[in-house]
Amino acid sequence: MSQEMSQPIVQFQSVDKRFGDFEILKGFDFNIQRGEKVVIIGASGSGKSTVLRILMTLERIQGGEVYIDGTPLWHEPLPGGGSKPAGERYLHRMRTQVGMVFQHFNLFPHMTALRNVIEAPLRVLKLPRAEAEARGRALLERVGLGDKLTAFPAQLSGGQQQRVAIARALAMQPKVMLFDEPTSALDPEMIGEVLGVIRELAEESDLTMLIATHEMRFAREAADRVCFFDQGRILEDGPPSQIFGEPREARTREFLARVDA
Ligand SMILES: Nc1ncnc2c1ncn2[C@@H]1O[C@H](COP(=O)(O)OP(=O)(O)OP(=O)(O)O)[C@@H](O)[C@H]1O
């Protein structure tokens, strides 16, 4: 394997993250390989969202560095060598390489489904309109919404809105897709359709995906690797068959028993 191929697409290197006096991440290391589908599980407050939010540049870090495809996120390289703390424009550029699907879909209410999906490709990537529309149509079809191109968010169910949000994130052709509890704001009957779309993406695409969820069955079925978070650390990390079938750590076993997995 060449050097480039073996370089992780996402790399947390000795990251420290504090909220005031509370240090949730301390010397945190975490690598994701290109194309890997990683699901993170763990109790509420264990740091799952924090890790995703750092990658999305919604949270700053106090120490260490995060690399996306080998490029530092928080230290902006200077042309003559060296680096400075990342500025807003640099962060914006880095952010466009990361797709994020949140718990709440946050679609633009005054835009149709198609317009929601193509807005960023038009404005940020400056794609020609015809190309952006073709991409948007194809993606909405892919998430099962080919017949809802002109619907407004208020005319769509929560599950449909979340599927538009997935298409919207994919439209930027990100290097990594992040999902932060993508079904926890949905009514129970809509969870399956959204998890189904994400599982299909995991099975059929070479996208790199990082998904925080409380849906253990989904984790079993969709993940290449499951990471159990405990108090800001990855306590245990392995294929779903190992984490669910033969968890090594007592705290993993307790967590899985508690969530009935
Ligand atoms: N803005 C903030 N200010 C202070 N503390 C915070 C902030 N954001 C997160 N925390 C704390 O950091 C810890 C990790 O939170 P995080 O949201 O990453 O957990 P989580 O594993 O995603 O939980 P959940 O499953 O409930 O989303 C928690 O103790 C939380 O209270």
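Note that ligands are numbered from 1 as they come in the structure, with each ligand's atoms numbered from 1 the same way. Remember, it's a predicted structure, so these values are computed and weren't measured experimentally.
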Pairing of R115 and E119 as salt bridge, 4.0 angstrom limit | yes

In terms of the angle between their ring planes, are F229 and F28 parallel, tilted or perpendicular, with boundaries placed at 30° and 60°?
-> tilted

Mind checking who shares a hydrophobic cluster with M172, ILVMFWY linked at side-chain heavy-atom distances under 4.5 Å?
-> V124, L125, L127

Close-range residues for ligand 1, whose non-hydrogen atoms fall below the 4.0 Å threshold | F19, F22, I24, A43, S44, G45, S46, G47, K48, S49, T50, E181, H214

Are E23 and Q62 close enough that a side-chain donor and a side-chain acceptor fall under 3.5 Å?
-> no

Connected hydrophobic set around F108, excluding itself, where side chains approach under 4.5 Å | M111

Partners meeting salt bridge (charged side-chain N to carboxylate O under 4.0 Å, His left out) with R142 (sequence neighbours left out) | none

